[in-house]
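Reminder, nothing fancy here: chain letters follow the sequence lines and each chain counts from 1. Small disclaimer: the values here were computed from a predicted structure and weren't measured.
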Amino acid sequence: MSSREKILADIKRNKPAEVAIPSFEFTATTYDNVVTKYMETLLGIGGNCNVVKDLTEVNKILSTLVKDQEVVIGISELGGYNASEYAFKDAAALEGVDTVVIEGNYAVAENASIWIPEKNMVNRMLPFICQHLIIVVNESDVVSNMHEAYARIKVDEDGYGAFIAGPFKTADIEQSLVIGAHGPLSLNVFIISADK
Amino acid sequence: MKVGLFIPCYVDQFYPQVAIATLQLLEKFGCTVEFPLNQTCCGQPMANAGFAYLTKGCDNNFIKNFTGYEYIVCPSGSCVLHVKEHLHGDNEPASAAVRNNVYELTEFLTDVLKVETINASFPHRVGMHTSCHGQRMLHLSSMSEKVEKPFSKAEQLLSHVKGLELLKTKRVDECCGFGGTFCVTEEAVSVSMGQDRVDEHLDNNIEYIVGGDMSCLMHLEGILKRKKSSVKVKHIAEILNAQ
Amino acid sequence: MNKTIEEHSKAASVFLEDAERAKWHDETLWFVRAKRDKAAHTLPEWEGLREAASKIKEHTLSKLDDYLLEFEAKAQANGITVHWADDAEEHNKIITHIIKKHNAKSVVKSKSMLTEECQLNHYLRDRNISVVDTDLGEYIVQLREEQPSHIVLPAIHLKKEDVSDTFYKHLQTEKGNKDEVYLTRAARTVLRNKFITADVAITGVNFAIAETGGIVICTNEGNADLGVHANKVHIACMGFEKIIPKAEHLSVFLRLLARSATGQPITTYSSHFHRPKEGQEMHIVIVNNGRTAQLGREEFRSSLKCIRCAACFNTCPVYRRSGGHSYHNSVAGPIGSILAPNLDMRKNADLPFASTLCGSCTNVCPVKINIHEQLWSWRQILMKEGYGGAAKKASMQAMAAVFSNSTVFKMSGKMGRKFMSWIPGLVNNKFNPWYKQRDMPEPPKESFNEWYRKNRKA
């Protein structure tokens, strides 16, 4: 008998009687002002957030933020879109990337995470190997909690996707928090205001 | 109301004053208290050491002593918990009746007798020690780990005692490290835990440590004495019975 | 690395000899527990979330074979190769085979307690395959040839000076520089290079979704993602209990996991892997290694609900004062103490006794495993099976005999008390562990039973 069959047979023999799949019997906390809550949470975990009018404003800020560095712009509506050039580059070729700008699909106020499917990343490496990460998200896509987020996303729509919450961090040395263990040293989020 | 008084074996042997206070307190609240003379031990020391299968004789003796009492009251959350969860004599209906009728003292006072005033006076600074079994398993007070409404049956009772100033430690409900045979099999950890509890109490400048389980208090007392501290331990029954 | 196993209590007393360090260890982990409390209290629905998580896991265990099959089919359709390993040896063989097939020599591995359980690093090293643990804490302990002492904070037993010395020795950092930012940056430089130059990435799995055939990996450092995305082969290893039925259930588990573990609202990265990227191979190894036996033990099967958050470690007053290595098992702490005897009763018979049964572990557990009750139940089985030794059994039998008979009890108590008041030296000596650091209570003149007979019974 293969291990597969053996394991499955042992499970069948040893598992408990069937228990029904539960429905959630709690009311998840929601926030009246999700953007304020989002910004507060992000600040708490080491990220920065700006609410801007539109992408032109992002463009303006970007030009002051990064100079003479390798920047990957992954949002086609932004000036200088160049992500397609990076789609198939490998890790060694991406090592020098300083800043990556990509779009987030949903931002979650309770934990400051942002859902980014693979198609937004262009190359799975980009949000991880860069030194600085900038994520742009629409105000109407800021939700209160993870239940709302999962209700809106399809986890297997792309081959890969991640909730990203703040810059990489570690506290493995004496529980002292250090931002930037392996990946980005900073995270900046731009929320595009719904008031046009 | 007739009450069968269940006194933990080590209280009977080492802390008779706690048993006397419990008896007098229950009588003050109008109970007719009987102490079945042939009681020994609930069997917990053996069961927690992994030898529950040896406790049958002990369980039968317990059941023999306490059958027929609608209320069995004991000044120890830990012993009550053991009876409630693990008492299994030869006669199952009799065992079930005993398991069902056993109450920890503060729970009996607040929930059954619904005590609202207590005529007691204890003008001292007192540190509260919450014992785990009473708290986390009998739910005699809220627990710091849980998101729940704060309450404490012991504190509710102590709030009636004149002059008593109750102080809590920083880690409000951390275990003292007694743990039955743990206190000798894991001596180093047990003492380290006890010392930390004692130190937090001493930071509060208290005169007494009060609790609902003499086993925890015996452990803390042992540490206090070794430190040559003047701080004493008191069972809650002694304080509620103090004039 | 393969030190002789010492009984927990002995190892704990050695750990406590360095009082200052032990205090630091206790306080640091208590701080993590306090952060967990604070995070939990931000959500009024916390207890409801725990209940939901527990129920989802109970449901899953009851249909585990169905969900594993569903997962396998969906994963295969996603282009993932699924392997099944009945034990640690088979798990290690499968992984070695994949690595060899690719002529790979160098592996980067993110945190996986399962690979610790299977001793994969040794296995690969013995076959000339280099493995680098890329989680910073794991990297530190790996350089020191130690085991992680905590499943979430692997290097929590070490101080900055230890890390500084280790990095000075292995990474040539400045001698004596113990600035955590300096040290982290030094590791960053080395590890980023490892990510880029490795051939294969191994990861653990936090959740495997039956409905979609994908896996979720949660990290703070992003090391799993860096490793996987930079390499041509991804091998993910999971105990079969990692399965959950639906993607929507992730909302419950991700809300609980990091809050329980460190008090963070979520880990920095919660990465969902469903299909390998173009040109990449993805493998998932589903491992049993004793789990079916645990599933068959009615009293202990709910330990398979564990999501490895380590909240029970941080809250355990015994763990905090004895350190992870005293548990001589890949998973330490209260949950390790109920998992380990299933793997080897003889070797781990001491672990269920490394607890006061205070119950705090059960209260913090995000999936509501009745850990303290299972510790109690393991004690019963271990002693019945004779792992307590003859002497212990004899003393317990004596105690049982005394407590079964009230006359003998009255005698022995009285004798014991008298013994103590007459010859305190006999009891209060170094052979009595109670007396080593504590005094005995003052024996009273009479027991309550005697008092009662005199004062009330007359």
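- Between C:D86 and C:N288, the side chains place a donor N or O and an acceptor N or O closer than 3.5 Å (distance only, hydrogens not considered).
- Neither the backbone nor the side chain of A:N123 has a heavy atom closer than 4.5 Å to any heavy atom of chain C.
- No hydrogens or angles considered: nothing links the side chains of A:N14 and C:T292 as a donor-acceptor pair under 3.5 Å.
- Against chain C, no residue from residues 73-87 of chain A qualifies, as none has a non-hydrogen atom under 4.5 angstrom away.
- Contact tally against chain C (heavy-atom pairs below 4.5 Å) for A:K154, A:Q131, A:E148: the top residue is A:Q131.
- With salt bridges taken as basic N to acidic carboxylate O contacts below 4.0 Å, one links C:R291 and C:E241.
- Of the two parts of C:L136, the backbone and the side chain both hold a non-hydrogen atom closer than 4.5 Å to a non-hydrogen atom of chain A.
- For the pair C:K57 and C:F253, the cation sits on the ring face: its NZ or CZ lies under 6.0 Å from the ring centre, inside 45° of the axis.
- Within the 4.5 angstrom heavy-atom criterion, only backbone atoms of C:A85 (N, CA, C, O) approach chain A.
- Side-chain contact annotation: A:S2 with A:E5, donor-acceptor N/O pair under 3.5 Å present.
- C:H234 and C:F273 have their aromatic ring centers within a separation under 6.0 angstrom.
- When heavy atoms are compared at a cutoff of 4.5 Å, C:V32 approaches chain A solely by way of its side chain, counted from C-beta outward.
- Comparing A:E25, A:E110, A:M146, A:K6 by heavy-atom pairs within less than 4.5 Å of chain C, the highest count is held by A:E110.
- If you tally non-hydrogen atom pairs under 4.5 Å between each of C:G213, C:G79, C:P276 and chain A, the highest count goes to C:P276.
- Close placement of the C:H229 and A:F128 rings is indicated, their centers lying within 6.0 Å of each other.
- Between chain C and the residues A:W115, A:F163, A:F88, A:F24, the most heavy-atom pairs under 4.5 angstrom are made by A:F163.
- Applying the side-chain contact (heavy atoms from CB on, under 4.5 Å) test to C:D66 and every residue at least two apart in sequence or in another chain returns C:K63.
- Side-chain contact of C:K194 with C:T134: a donor-acceptor pair under 3.5 Å is absent, judged by distance alone.
- Heavy atoms of C:E72 lying under 4.5 Å from chain A belong exclusively to its side chain.
- For C:Q264, the part sitting under 4.5 Å from any heavy atom of chain A is the side chain, from C-beta outward, and nothing else.
- Inspection of the A:S113 and A:N111 side chains reveals an N or O donor paired with an N or O acceptor under 3.5 Å.
- At most 12 non-hydrogen atoms from other residues, nucleotides or ligands lie less than 6.0 angstrom from NZ of A:K60.
- Heavy atoms of C:F240 lying under 4.5 Å from chain A belong exclusively to its side chain.
- In this structure, chain A has heavy atoms under 4.5 Å from both the backbone and the side chain of C:L295.
- Looking at C:R297, neither its backbone nor its side chain comes within 4.5 Å of chain A, counting heavy atoms on both sides.
- Within the 4.5 angstrom heavy-atom criterion, only backbone atoms of C:T267 (N, CA, C, O) approach chain A.
- Between A:F26 and A:H147, the gap from one ring centroid to the other is short of 6.0 Å.
- The candidate from C:I209, C:V163, C:I56 with the greatest count of non-hydrogen atom pairs under 4.5 Å with chain A is C:I56.
- C:F195 has its side chain out of reach of A:I129: every pair of non-hydrogen atoms, C-beta onward, lies at least 4.5 Å apart.
- Only the backbone of A:A20 comes within less than 4.5 Å of a heavy atom in chain C; its side chain stays farther off.
- Looking at C:L153, both its backbone and its side chain come within 4.5 Å of chain A, counting heavy atoms on both sides.
- Under 4.0 Å is where a charged nitrogen must lie from a carboxylate oxygen, and between C:D65 and A:K15 at least one such pair does.
- Both the backbone and the side chain of C:L250 come within less than 4.5 Å of a heavy atom of chain A.
- Only the backbone of A:T27 comes within contact range of chain C, judged by heavy atoms closer than 4.5 Å.
- Neither the backbone nor the side chain of C:E51 comes within contact range of chain A, judged by heavy atoms closer than 4.5 Å.
- Salt bridge annotation for A:E118-C:R275: absent, with no cationic side-chain nitrogen under 4.0 angstrom from a carboxylate oxygen.
- Note: A:A91 leads A:S23, A:A91, A:G44 in heavy-atom pairs under 4.5 Å with chain C.
- In this model, a donor atom of one side chain and an acceptor atom of the other lie less than 3.5 Å apart for A:S3 and C:E90.
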